Amino acid sequence: MADTILVTGGAGYVGSHVVVELAKAGYAPVVLDNFANSTPAVLPRLQALAGRPIPSVTADVRDAAALRAVFHDHPIAAVVHCAGLKAVGESQERPLAYYDVNVGGAIALAEVMGEAGVATLVFSSSATVYGQPDHLPVPEDAPLRPHSVYGRTKRVVEDFLRDLAKANDNWRIAILRYFNPAGAHSSGMLGEASRGKPANLVPLLCKIAAGELAELAIYGGDWPTADGTGVRDYLHVQDLAEGHVAAMRYLAKAHGAHTLNLGAGRGHSVMEVVAAFEKACGRTIAKAVAPRRPGDVAAYYADPARAAKLLEWRASRDLQVICADAWRWQRNGGRY
Ligand code: NAD
Ligand code: UDP
């Protein structure tokens with residue numbers, strides 16, 4: 001029988017792609033989400049793409065009683081924990097909400113997993129835990145100096161999970177530090193549909209190309225990079241989702257907590273992303289250089305060697321595919 005995997009935040013951008021890739025790999029995903037930043041309208045699409053029924057539970061991941069019911073009702077073998085709040089700017093204004101959901105959610109989940117005897121967990125962390133890197137590419141043992149409340153909640157959860165695994169060797173935990181997830185499912189049926197105006201570069205380009213937003217404000221044209229604009233490691237969301245499947249397979253044979261970068265291992269500047277997006281959509285993106293965004297860094301990209309070695313995973317889709325798939329999703333409406 002297929003292993004049943006609980007995917008918290010499974011209706012969200014990353015979680016929805018993880019659900020589909022898990023199903024493709026022969027697992028039986030179950031979604032838990034409170035739809036704080038997503039909609040149940042994604043669920044029929046997940047079932048269509050997965051080719052199997054996807055049970056879903058509407059619940060808050062902080063609600064231990066609701067979690068207990070999920071573990072009672074489904075033979076959960078492992079968990080992928082994507083549920084959380086992720087807006088860097090908002091986190092500065094709402095630290096209580098961010099610590100409560102991100103840290104409180106992880107604690108409630110680990111507690112109920114412990115009660116249920118489920119010890120395999122894949123956690124969505126973020127490269128934002130590094131802050132300003134000293135060297136590029138960034139390896140997992142680089143210092144952790146997150147700039148934002150959001151980043152600090154991720155660091156706290158990482159520490160918590162590593163402490164759990166130190167205290168009890170039953171745990172099998174993969175802490176995945178995502179670099180910049182971008183793009184959409186190649187079918188055009190899944191993509192990023194966060195509430196409100198997007199803050200991330202590729203979703204903004206989608207809205208600008210579609211005429212829903214006027215122009216791109218390029219946050220700084222004088223960074224110490226080749227063309228003066230910020231450099232990031234854009235990772236196709238399907239590559240990222242495949243990384244979760246690889247982590248799940250790895251945990252079947254590895255105890256303890258394992259911290260892994262998931263990135264493509266190369267950087268692209270804002271100008272390069274704009275050019276690739278223009279090529280993908282066949283339109284010109286209106287843009288103007290604006291002041292730097294507080295908290296931004298000039299450049300960072302992953303050293304993905306550990307994931308390549310341990311998970312036998314590497315990103316296979318390049319920036320042009322990311323832009324083409326993001327644009328296909330946008331042309332299909334860009335929402336559920
Ligand atoms: P998302 O907002 O699309 O997905 C998160 C999902 O969690 C949403 O469906 C939301 O409704 C749900 N959720 C929020 N609070 C919840 C709660 N209390 N109980 C149950 N469900 C809740 O975000 P995403 O981009 O898919 O991110 C998924 C995870 O990956 C997050 O933990 C995020 O911090 C992390 N991450 C994302 C990025 C990125 O750029 N997208 C980068 C690094 C890390
Ligand atoms: N960026 C930009 N204008 C925007 C949004 C983003 O110039 O409106 C730049 C940002 O400064 C960074 C890159 O695009 O160099 C990626 O930003 P994003 O917010 O997508 O990801 P981050 O790496 O900041 O999490």
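On a predicted model such as this, the values are computed, not experimentally measured, just so you know. Numbering starts at 1 and runs along the sequence shown. Below, all heavy atoms of this structure are taken into account, side chains as well, without hydrogens, waters or symmetry copies.
- Nearest heavy atoms, A83 versus G9: CB-N, 3.5 Å.
- Within the 4.5 Å cutoff, the side chain of N200 has heavy atoms near those of the E192 side chain.
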- Apply side chain to side chain contact (heavy atoms under 4.5 Å, CB included) to V321 and D318, showing your working. CA-CA 5 Å; V321 176; D318 67 13; 3.3 Å; yes
- Run the numbers on E312 and Y250 for side chain to side chain contact (heavy atoms under 4.5 Å, CB included), then give the verdict. CA-CA 9 Å; E312 296 178 46; Y250 176 67; over 6 Å; no
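- Counting all heavy atoms, side chain and backbone alike, G183 lies closest to A326 at CA-CB, 4.0 Å.
- Under the 3.5 Å distance criterion, the side-chain polar atoms of N261 are left unmatched by any main-chain donor or acceptor of A127.
- Connection of Y301 to V273 is not established within any shared hydrophobic cluster, with ILVMFWY side chains joined at heavy-atom distances below 4.5 Å, either directly or through further cluster members.
- Between K279 and Q320 the shortest side-chain heavy-atom distance falls below 4.5 Å.
- The one candidate from H255, K166, R162, M113 that meets the side-chain contact (heavy atoms from CB on, under 4.5 Å) condition with W171 is M113.
- Side-chain contact between S91 and L85: absent, with no pair of heavy atoms (C-beta onward) separated by less than 4.5 Å.
- Linking ILVMFWY residues whenever their side-chain heavy atoms come closer than 4.5 Å, directly or via other members, places I54 and V237 in the same cluster.
- R177 contributes no side-chain N or O that, together with a main-chain N or O of T259, makes up a donor-acceptor pair within less than 3.5 Å.
- Two residues are said to be in side-chain contact when any heavy atoms from C-beta on lie closer than 4.5 Å; K197 and L204 meet this criterion.
- Taking each heavy atom of H268 and Y234 in turn, the nearest pair found is O-CE1, 3.6 Å.
- To the nearest 0.5 Å, atom CD1 of residue I208 and atom OG1 of residue T284 are 12.5 Å apart.
- The two atoms that bring K207 and Q330 nearest to each other are NZ-OE1, 3.3 Å, heavy atoms only.
- Remark: side-chain polar atoms of R62 are not paired, donor with acceptor, to backbone N or O of D100 under 3.5 angstrom.
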- Message: Is there a side chain to side chain contact (heavy atoms under 4.5 Å, CB included) between Y13 and C82? Walk through the geometry before answering.
- Response: CA-CA 9 Å; Y13 173 50; C82 297; over 6 Å; no
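- Listed by first and then second residue, the ring pair (Phe, Tyr, Trp, His ring centres under 6.0 Å) pairs involving residues 38-72 amount to none (not counting sequence neighbours).
- Side-chain atoms of R292 come within 3.5 Å of backbone N or O of D222 as a donor-acceptor pair.
- Taking the side chain as every heavy atom from C-beta outward, D296 and R232 approach each other to under 4.5 Å.
- Pairs of residues two or more places apart, or lying in two chains, never qualify as ring pair (Phe, Tyr, Trp, His ring centres under 6.0 Å) while including a residue from residues 130-164.
- To the nearest 0.5 Å, the span separating OG on S56 from CZ on F35 amounts to 5.0 Å.
- Note that CG of N34 is 8.5 Å distant from OG1 of T58, once rounded to the nearest 0.5 Å.
- Scored by the side-chain hydrogen bond (donor to acceptor under 3.5 Å, both in side chains) test, T8 finds H81 as partners (sequence neighbours excluded).
- Side-chain contact between P181 and L235: absent, with no pair of heavy atoms (C-beta onward) separated by less than 4.5 Å.
- Atom CG of N168 sits about 12.5 Å away from atom CG of D163, to the nearest 0.5 Å.
- Using cut-offs of 30° and 60° for the angle between ring planes, the W329 and Y336 rings count as tilted.
- Counting all heavy atoms, side chain and backbone alike, V157 lies closest to A106 at CG1-CB, 3.6 Å.
- One hydrophobic cluster, built from ILVMFWY side chains closer than 4.5 Å, cannot hold both V297 and Y219; they sit in different ones.
- Salt bridge absent: E158 and R155 never bring a charged side-chain N and a carboxylate O closer than 4.0 Å.
- Looking only at atom types and distance, the side chain of E90 has a donor-acceptor partner in the side chain of Y98 under 3.5 Å away.
- In this structure a side-chain-to-backbone donor-acceptor pair under 3.5 Å is present from D33 to A11.
- Cluster annotation: L121 is connected to V101 through the hydrophobic network of ILVMFWY side chains, with a link wherever side-chain heavy atoms come within less than 4.5 Å.
- Using a cut-off of 4.0 Å between Lys/Arg side-chain N and Asp/Glu carboxylate O, R306 and D141 are scored as not salt-bridged.
- Residues L201 and F277 have side chains not in contact (no heavy-atom distance under 4.5 Å, counting atoms from C-beta outward).
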- Message: Between S38 and V42, is the side chain to side chain contact (heavy atoms under 4.5 Å, CB included) condition met? List the steps.
- Response: CA-CA 8 Å; S38 55; V42 70; 5.8 Å; no
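- S126 contributes atom OG, which lies 13.0 Å from atom CD1 of I175 (distance to the nearest 0.5 angstrom).
- V57 and V18 fall into different hydrophobic clusters, where Ile, Leu, Val, Met, Phe, Trp and Tyr side chains are chained together by heavy-atom contacts under 4.5 Å.
- Formation of a donor-acceptor pair under 3.5 Å by the H236 side chain with backbone atoms of Q238 is found in this model.
- Between H17 and H185, the two ring planes are tilted [angle within 30° to 60°].
- Nearest heavy-atom pair across V231 and G267 is CG1-CA, 3.5 Å.
- No side-chain donor-acceptor contact under 3.5 Å links R317 to the backbone of I322.
- Without hydrogens or angle criteria, N332 side chain to G188 main chain gives a donor-acceptor distance under 3.5 Å.
- You'll find the side chain of Y27 stays beyond 4.5 Å of the side chain of R52, heavy atoms only.
- For the pair D233 (side chain) and A302 (backbone), a donor-acceptor distance under 3.5 Å is present.
- Rounded to the nearest 0.5 Å, atoms CG (D239) and CD (E242) are 5.5 Å apart.
- Under the 4.0 Å criterion applied to side-chain N and carboxylate O atoms, E272 and R266 are not assigned as salt-bridge partners.
- Side-chain atoms of K154 come within 3.5 Å of backbone N or O of S124 as a donor-acceptor pair.
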